[in-house]
Structure formats: structure tokens, C-alpha cells
Amino acid sequence: MKFYFKKSFLSSANYNVLDRFGQVVFTIEQKEISLFPKFHIYDTEHNEIGLIETKVDSNRLTFPVYVNGRYIDYIYQEFEVLKPKLCVKGLCWIIDSSLTSNKFRIHLDGETLATINKFNPTPGVPYEIDIKYERDTIMVLAVMIALKCTYLKSRH
């Protein structure tokens, strides 16, 4: 499944996730502006289906993820030289890229679960997200938010 991730027209802290036809399928809103923001994921009928928090734990940035009000897992930043890397703790996902690449790969035991690419043929649509399994959609969107809060903060 391919999605396109773009900033909302109304707010630079909010994002729209579009399907391949350009229709909004998810909205991600940052409700409070703070050092450790929370991001709420809504479906097309504005039902909250996900929540990503931002916290500091053991001197590293972490992102606890909730789906339909239930805690699922957390994403954390690994420190590696010249290679951005995030991990999803319980699911054992690895999210990596080279420092110069605009492509991130989410994988588990060598299997690619999703990719996130800088994509710019359409103005305002900076990232293409390709997800292998529909069940992983909310967690992959949470990874995208974690990337935006860490490695992609200064890129776009």
C-alpha cells in the first residue's frame, strides 16, 4: 500500500496522509506545542485511532505508540555514527538509512516491511510511504512521526 505524507495546509504541525488517488485517509495532529509533543492519528471520520507521545528515557528520545487507546510499543533512537537508526522495541523492527540517503527502510530479520522515500513530483508531498502489510499501517505512521522529530527535522 502506498501513502503520501504531507504537511497540512492549515498547520505546519499537522500532517495529512493521502492514498494513491490523493484522498486524505489519515490526519495526524499535534495538539499541544511543547518540548515533548503528542501526535494524534485520526481516520477519515475523525475517530482517533492512534497516539504517539514524545518522551526522554535514559537520555534518548522515545515515542510510545497507542492504537485505539491501547499501548502497543515504543520507538527509540539508536546512536550510530554516520547512519540514522530507530528501533521499535517489542516488535524488533529496525529503521535505518545512510546519512546521505532520503530513503528509510523498516525491516525485521531481513524482510522489508515498509520504505519511506523523499518524494517530490507533487508540490507539498515530500514523502512516499510503501507498506507491505496493512496491519502495520499505524505503527509505520508512528515511525514517520519519529523520523520527523529526529532525523528529518532539518531536511524538510
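Just so it is clear, the values below take in all heavy atoms, side chains as well, and ignore hydrogens, waters and symmetry mates.
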Should we count NZ of K89 as having more than 12 external heavy atoms under 6.0 Å?
-> no

Could you give me the CA-CA distance, side-chain angles and deciding distance for I138 and I49, then say whether side chain to side chain contact (heavy atoms under 4.5 Å, CB included) is met?
-> CA-CA 8 Å; I138 302 303; I49 56 173; 3.5 Å; yes

Is a donor on one side and an acceptor on the other found under 3.5 Å between the side chain of D136 and the backbone of I131?
-> no

Given the rule that I, L, V, M, F, W and Y join up when any side-chain heavy atoms are under 4.5 Å apart, are Y42 and V143 in one cluster?
-> no

Residue E134 excluded, over 12 heavy atoms near CD under 6.0 Å = no

Distance, nearest 0.5 Å, that separates CD of Q30 from CG of N14 | 7.5 Å

Where is the tightest heavy-atom contact between C149 and L61, given as atom of each residue plus distance?
-> O-CD2, 4.3 Å

Between I106 and T112, is any pair of side-chain heavy atoms under 4.5 Å apart?
-> no

Would you call K103 and I116 a side-chain contact if the rule is heavy atoms closer than 4.5 Å?
-> no

Side-chain heavy atoms of M1 within contact of T137, under 4.5 Å = yes

When clusters are formed by joining ILVMFWY residues with side-chain heavy atoms under 4.5 Å apart, either directly or through shared neighbours, do I75 and I94 land in the same one?
-> no

Hydrophobic cluster membership, M139 vs V25, 4.5 Å side-chain cutoff | yes

Taking all heavy atoms of L108 and all of C92, pick out the closest pair and write down the distance.
-> CD1-O, 3.4 Å

Mind checking the CD-OG1 spacing from Q23 to T44? Nearest 0.5 Å is all I need.
-> 10.5 Å

Taking the side chain from T27 and the backbone from N16, do they hold a donor-acceptor pair closer than 3.5 Å?
-> no

Within a strict 4.5 Å, meaning less than it, do heavy atoms of the E111 and K132 side chains meet?
-> yes

CZ/R60 to CG/D57 distance, rounded to the nearest 0.5 angstrom?
-> 6.5 Å

Hey, are E128 and K118 close enough for a salt bridge, meaning a charged N less than 4.0 Å from a carboxylate O?
-> no

Closest non-hydrogen atoms of E78 and C87, given as atom of the first, atom of the second and distance, are CG-SG, 3.4 Å

For atom CG of N47, decide whether the heavy atoms of other residues, nucleotides or ligands shown that lie under 6.0 angstrom number more than 12.
-> yes

Note, V24 side chain near V17 side chain (heavy atom, < 4.5 Å) | no

Show the numbers, then the answer: is there a side chain to side chain contact (heavy atoms under 4.5 Å, CB included) between T150 and F63?
-> CA-CA 11 Å; T150 55; F63 302 89; 4.0 Å; yes

How close do F36 and T54 get, heavy atom to heavy atom, and via which atoms?
-> CB-O, 3.1 Å

Nearest 0.5 Å please: distance from the CZ atom of F26 over to the CD1 atom of I41.
-> 8.0 Å

Does a side-chain heavy-atom distance below 4.5 Å link Y15 with K148?
-> yes

Here the gap from Q77 atom CD to I95 atom CD1, rounded to the nearest 0.5 Å, amounts to 11.0 Å

Given the side-chain rings of Y4 and Y127, with only the six-membered ring counted for Trp, is the space between their centroids under 6.0 Å?
-> no

Crowded around R20 CZ? As in, over 12 foreign heavy atoms under 6.0 Å?
-> no

Under the 4.5 Å side-chain heavy-atom rule for ILVMFWY, direct or indirect, which residues accompany L51?
-> Y66, Y71, Y74, Y76

Would you check if there is a donor-acceptor pair between the side chains of R105 and T115 at a distance under 3.5 Å?
-> no

Donor-acceptor side-chain pairing of E48 and H40 below 3.5 angstrom = yes

Flag side-chain contact, heavy atom, 4.5 Å: I145 against I28 = yes

Measuring from I129:CD1 to F104:CZ, what's the distance to the nearest 0.5 Å?
-> 12.0 Å

Closest heavy-atom contact between A142 and V65?
-> CB-CG2, 3.6 Å

Donor-acceptor pair, D73 side chain versus G90 backbone, under 3.5 Å?
-> yes

